[in-house]
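Remarks on the structure that follows.
Proteins come first, then strands; the chains are lettered A, B, ... in the order of their sequence lines, and each starts at number 1. Owing to the predicted nature of the structure, the values given are computational and were not obtained by experimental measurement.
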Number of protein chains: 2
Amino acid sequence: MTIPAPIVLVARSDYADAAEQFTAVQPPRLYSADEEIYAQGERADRLYRVEFGAVRVYRLLADGRRQISSFHLPGEVFGFEADAVHHFFADAIGLTGLRLMPRARAGEFTPEIVESALRCLVRTQEHLLVVGRQNAVERIAAFLVEIAERQGGLEQFDLPMSRTDIGDYLGLTIETVSRVFSRLRAQGIIKLVSLRTLKILKPGALKSLSE
Amino acid sequence: MTIPAPIVLVARSDYADAAEQFTAVQPPRLYSADEEIYAQGERADRLYRVEFGAVRVYRLLADGRRQISSFHLPGEVFGFEADAVHHFFADAIGLTGLRLMPRARAGEFTPEIVESALRCLVRTQEHLLVVGRQNAVERIAAFLVEIAERQGGLEQFDLPMSRTDIGDYLGLTIETVSRVFSRLRAQGIIKLVSLRTLKILKPGALKSLSE
DNA sequence: CGAACGCTTGAGCAAATTCAAGTGCGGTGG
DNA sequence: CCACCGCACTTGAATTTGCTCAAGCGTTCG
């Protein structure tokens, strides 16, 4: 089969503006802890970039069960939707600063933004493997490895989110999260400097637990 | 805060070509049952549109556990990756025809393709809720509703995939899938015309089971 | 200083998995 | 055309994992 020539999208000079909208000197919009950024059913006409703090994107069942589909840390872009309406909720975990950027239709994306969306897709698909096929210990290990890497690969870092958030991200209850943390601590694999500050003592052991 | 003007990407005349590459008269490439379409680690330089048949996209753990992140039915586009390398496997479920389309970098997408990718993202995130927070009955019900809708909303339709595939999509074992099918059948909610042909007798009941 | 909230820990339980037989359908060959 | 074979699926029993319910701890904040 013959491969046709690549498809090329060419930008107008708006491109430069697009990049600037995120790096502009204007201050980010502030959100306090647990403040809603958007809700399911709302009009989806913006993208967001995390300046500082952390964000959870989630969906709810009628009876209140919650699944967090992603956390977003500084530098990351979120808010992608297939049509004009949000299918998810998003809110700030702690005090958070976001840069807002308008979006209209799908074609009106810069290459970097499309790339962000694709990274988000791949990450979500990878997360599905964790939630669908790994046990509690593997899920927590994978989570810790992921967060450590996303925070720059340091062995000590802060968990911006609560145990409840972690459970709702990994499809576990808060009690199971707590028990696994305790077990990893007992095995000398991690150390809880404080409730929300974690130190990875045996990175190799943690990685092998996450498969 | 002032909202900057929308970003607009303007296409060259290549745009028309892009649409044509999928609808061209040349025959689709054929894949036999279980034939690999791409593998993890391979170079990702194409997109695929299903002409007929069905495709599974999945990931494996070292010990062979598998998570299918998506099924793709006729009309759907798949093969999106964040960088130049595939993070997943894809293969044909039965005899399948695919139209191939080259892709290079993320910016080189038509609006329709970007839209496809975003739909894929939303669908994956929604699937995460099913796998992370719903029980076996709810998962199967949600799966059947989803497949029925994607096949045009008919009450009778074929399941292109095996029970093993369904289990690996929903994060369940094949035995649990089978037991739930039997239970739904005993309750008169579904009827198995044959092993792979299913009729939904009580669509309302099924939908309420899927939450 | 006290209350509230987030977290931890324990005991019992339920849901889904594992292991182990069977069953039946579809395909192949006599 | 029928019988047989193999594989996918079904069903059952025992086991395990994670959940529910409940109590206690400790930190933080008013």
Side-chain angles (χ1 to χ4, degrees), chain A residues 32-34 54 56 61 63-68 93-95 130-144 158-187 190-198 209 211, chain B residues 32-34 54 56 61 63-67 93-95 130-144 158-187 190-198 209:
Chain A
S32 52
D34 298 322
R56 58 179 166 249
L61 288 172
D63 61 3
R65 281 175 288 177
R66 183 178 71 158
Q67 177 66 46
I68 294 179
I93 292 176
L95 177 66
V130 174
V131 171
R133 284 296 178 213
Q134 303 206 151
N135 64 31
V137 173
E138 292 169 336
R139 292 186 208 191
I140 297 284
F143 168 73
L144 293 179
D158 266 34
L159 294 173
M161 67 294 283
S162 69
R163 300 292 189 267
T164 304
D165 286 336
I166 297 172
D168 285 350
Y169 179 63
L170 297 174
L172 299 170
T173 59
I174 176 176
E175 293 96 331
T176 300
V177 172
S178 184
R179 276 185 254 271
V180 172
F181 268 64
S182 298
R183 195 160 5 147
L184 294 177
R185 200 171 28 138
Q187 293 174 311
I190 61 171
K191 177 183 174 183
L192 287 166
V193 179
S194 75
L195 267 183
R196 300 282 187 94
T197 308
L198 196 132
L209 280 180
E211 280 289 280
Chain B
S32 52
D34 299 322
R56 58 177 164 249
L61 288 172
D63 61 2
R65 281 175 289 177
R66 183 177 70 159
Q67 177 67 45
I93 292 177
L95 179 65
V130 174
V131 171
R133 283 297 178 211
Q134 302 205 152
N135 64 31
V137 174
E138 292 169 335
R139 291 185 211 191
I140 297 284
F143 169 72
L144 293 178
D158 267 34
L159 294 173
M161 66 294 285
S162 69
R163 302 290 189 267
T164 305
D165 287 336
I166 297 173
D168 285 350
Y169 178 63
L170 296 175
L172 299 171
T173 61
I174 177 177
E175 293 96 331
T176 300
V177 173
S178 185
R179 277 185 253 270
V180 172
F181 269 66
S182 300
R183 194 160 7 148
L184 294 177
R185 199 172 28 138
Q187 295 175 309
I190 62 171
K191 178 184 174 180
L192 288 167
V193 179
S194 76
L195 268 182
R196 299 282 186 96
T197 309
L198 196 132
L209 280 180

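- One can place CG of B:D168 at 14 Å from C1' of D:dA8, the figure rounded to the nearest angstrom.
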| field | Per-nucleotide protein contact string for nucleotides 13-30 of chain D, where B marks a base within reach and S marks sugar-phosphate only (heavy atoms under 4.0 Å, - for neither) | value | B----SSBB---------
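- Regarding B:L192, its CG atom lies at a distance of 11 Å from the C1' atom of D:dC9, rounded to whole Å.
- Under a 3.5 Å cut-off, the side chain of A:Q67 and the backbone N or O of A:Y169 do form a donor-acceptor pair.
- One atom, CD1 of A:I190, and another, C1' of C:dC7, lie 14 Å apart when rounded to the nearest Å.
- For the pair B:I140 CD1 and D:dC9 P, the interatomic distance rounds to 12 Å; values are reported in whole Å.
- Atom P of nucleotide D:dA8 and atom CD1 of B:I174 are separated by 9 Å, given to the nearest angstrom.
- Side-chain atoms of A:R139 come within 3.5 Å of backbone N or O of A:V131 as a donor-acceptor pair.
- The separation between B:E138 atom CD and C:dA16 atom C1' is 14 Å, rounded to whole Å.
- In this structure, A:D63 does not pair ionically with B:R133, as no charged nitrogen and carboxylate oxygen lie closer than 4.0 Å.
- The side chain of A:S178 places no N or O atom within less than 4.0 Å of a non-bridging phosphate oxygen (OP1 or OP2) of C:dT9.
- One can place CZ of B:R163 at 11 Å from P of D:dT11, the figure rounded to the nearest angstrom.
- Under the rule for a side-chain contact (heavy atoms from CB on, under 4.5 Å), the partners of B:R179 that lie at least two apart in sequence or sit in another chain are B:E175.
- Side-chain N/O atoms of A:R196 include none lying less than 4.0 angstrom from OP1 or OP2 on C:dG6.
- Look at A:D168 and A:R65 and you find no salt bridge, because none of the NZ, NE, NH1 or NH2 atoms lies under 4.0 Å from a carboxylate O.
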